[in-house]
Amino acid sequence: MASKIKKVKRIGVLCSGGDCSGMNPCVRSVVRSALYYKMEPFAIYRGYEGMINDEIKPMTSRDVGGIGNRGGTIIGSARSMAFKTKAGRQKAIKNLKKHGIDGVVVIGGDGSFHGADSLHRESDILTIGVPGTIDNDLSGTDFTIGYDTAINVVLDAIDKIRDTAASHDRIFFIEVMGRHAGYIALETGIAGGAEEVVIPETKTDIKAIATHLEQGRKGGKMSSIVIVAEGDEVGGAYRIAEEVAKLAKLPARVSILGHLQRGGTPTCADRLLASRLGLASVRQLKAGKSGIMVGVVSGKIKTSPLNRSWSGHKKVTKELLDLSRILSI
Ligand code: F6P
């Protein structure tokens, strides 16, 4: 690794991996914070793909005006296979140098941070990660940008599905995203009063789920909702619904929420988190730091090595697991 530059003059910001609501207010914050500290901000479009293909443009304060309340990301996002190769990264570094960019802010999840870590190790460009993913699975921050908006979108869907489930006396299996993490499922399941939550962090017992749902019916429940995290070891909601329905002999329906969970107006919590972390990332670059992620832990801005963000995936707490079980009788 080459020695790092001491004083950053030009900052590139990019969004990478699956988009999420809150990326826009974060981009706005990075651009305006950079300008505040007399640095020149650049947008790197479509993640690492844009870094490799030289889709890099200077940004002004006005370029990020009025974007804080918009879902998605105005600078685009992508999952780049090319950046996983040394040749791809070398091309990207060459482009950054061409523009005089000596500091980069990567807004994304664990895959994006692997890329950021490589950039940090293989060049003298300072690199900071900002956690942006609906999955909320990164260590080093209590929440990731986009998570709060996503769980509110999911909760709204659960409430609506509950209406029709109760009218028809049905069981609904609602599949939510989260990749290998069950945060979205567990927290929306508790908030939405789900009878069961099926997540990858715990062993799924189909028989126990069927018995629990049957007992609920016998006890007078008019509807039952099972939230299924997409990463559960048994399979998706269709598979689990089929197996449970076979045992419980109850009418079941499946609803896959899919990518609607990634859209929508960012909530106040996400806009605030995005704005705080955007400024924090620029301050870290100003201080000459690299190879770290900025996060918020117990209300305070904290930094941690990029590679810790994915190596110690956040665990769901026993408290939440107990809560979900106790309230679903
Ligand atoms: O990591 C964010 C996420 O939305 C996951 O929850 C999901 O598994 C994945 O991205 C979907 O990715 P894609 O948009 O590429 O289908």
Side-chain angles (χ1 to χ4, degrees), residues 14-24 26-27 45-50 71-84 106-117 129-158 173-189 197-201 227-240 254-267 270 273-274 277 293 295 306 309-316:
L14 64 97
C15 298
S16 168
D19 70 338
C20 63
S21 286
M23 281 182 159
N24 276 330
C26 191
V27 169
Y45 290 84
R46 299 191 313 106
Y48 295 115
E49 285 291 291
T73 160
I74 61 155
I75 61 172
S77 189
R79 300 190 199 280
S80 174
M81 294 314 287
F83 200 75
K84 290 187 176 160
V106 175
I107 309 166
D110 59 353
S112 312
F113 288 174
H114 276 85
D117 199 49
V130 176
T133 164
I134 65 165
D135 300 341
N136 199 32
D137 57 347
L138 299 173
S139 287
T141 189
D142 289 344
F143 297 103
T144 54
I145 298 166
Y147 175 67
D148 188 66
T149 306
I151 56 175
N152 279 290
V153 166
V154 171
L155 189 59
D156 183 52
I158 294 173
F173 292 80
I174 304 175
E175 185 180 298
V176 299
M177 280 186 171
R179 205 179 282 274
H180 307 299
Y183 264 94
I184 296 177
L186 183 58
E187 296 200 335
T188 60
V197 174
V198 176
I199 56 174
E201 290 86 349
I227 308 294
V228 180
E230 65 175 349
D232 186 73
E233 76 278 7
V234 172
Y238 276 106
R239 170 95 189 268
I240 292 174
V254 173
S255 197
I256 313 270
L257 300 188
H259 286 81
L260 72 82
Q261 295 164 89
R262 292 230 299 253
T265 305
T267 59
D270 268 335
L273 180 65
L277 294 181
M293 182 192 90
L306 274 173
S309 67
W310 70 78
S311 57
H313 264 193
K314 247 196 333 234
K315 306 272 180 298
V316 294

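Just so you know, these numbers use all the heavy atoms, side chains as well, and skip hydrogens, waters and symmetry mates. Whatever order the structure lists ligands and atoms in, that order sets their numbers, starting from 1.
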Return a table of N or O atom pairs, ligand 1 on one side and protein on the other, at distances under 3.5 Å, rounded to 0.1 Å.
| from | atom 1 | to | atom 2 | distance (Å) |
| --- | --- | --- | --- | --- |
| ligand 1 | 1 (O) | Asp135 | OD2 | 2.7 |
| ligand 1 | 4 (O) | Arg262 | NH1 | 2.8 |
| ligand 1 | 6 (O) | Asp135 | OD1 | 2.7 |
| ligand 1 | 6 (O) | Gly178 | N | 3.1 |
| ligand 1 | 6 (O) | Glu230 | OE2 | 3.4 |
| ligand 1 | 8 (O) | Glu230 | OE2 | 2.5 |
| ligand 1 | 10 (O) | Arg79 | NH2 | 3.1 |
| ligand 1 | 10 (O) | Arg262 | NH1 | 3.1 |
| ligand 1 | 12 (O) | Arg79 | NH2 | 2.9 |
| ligand 1 | 14 (O) | His259 | NE2 | 2.9 |
| ligand 1 | 14 (O) | Arg262 | NH1 | 3.0 |
| ligand 1 | 14 (O) | Arg262 | NH2 | 2.9 |
| ligand 1 | 15 (O) | Arg79 | NE | 3.2 |
| ligand 1 | 15 (O) | Arg79 | NH2 | 3.3 |
| ligand 1 | 16 (O) | His259 | NE2 | 3.2 |

Donor on one side chain, acceptor on other, Ser21 and Thr149, under 3.5 Å: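 Judged by distance alone, the side chains do not pair up.
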
Let's go through Tyr147 and Ile134 carefully: what are the C-alpha distance in whole Å and the side-chain angles of both, what is the deciding distance for side-chain contact (heavy atoms from CB on, under 4.5 Å) to 0.1 Å, and is it a yes or a no? CA-CA 4 Å; Tyr147 175 67; Ile134 65 165; 5.7 Å; no

Is Glu175 reaching over with its side chain to a backbone N or O of Val228, donor-acceptor style, under 3.5 angstrom?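 No: the side chain of Glu175 does not pair with the backbone of Val228.
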
Minimum heavy-atom separation for Val106 to Ala116, with atom names? CG2-CB, 3.9 Å

Closest non-hydrogen atom pair, Leu155 against Thr188: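 Closest pair (atom of Leu155, atom of Thr188, distance): CD1-O, 4.0 Å.
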
Can you check side-chain contact (heavy atoms from CB on, under 4.5 Å) on Phe143 and Asp148, steps first, answer last? CA-CA 8 Å; Phe143 297 103; Asp148 188 66; over 6 Å; no

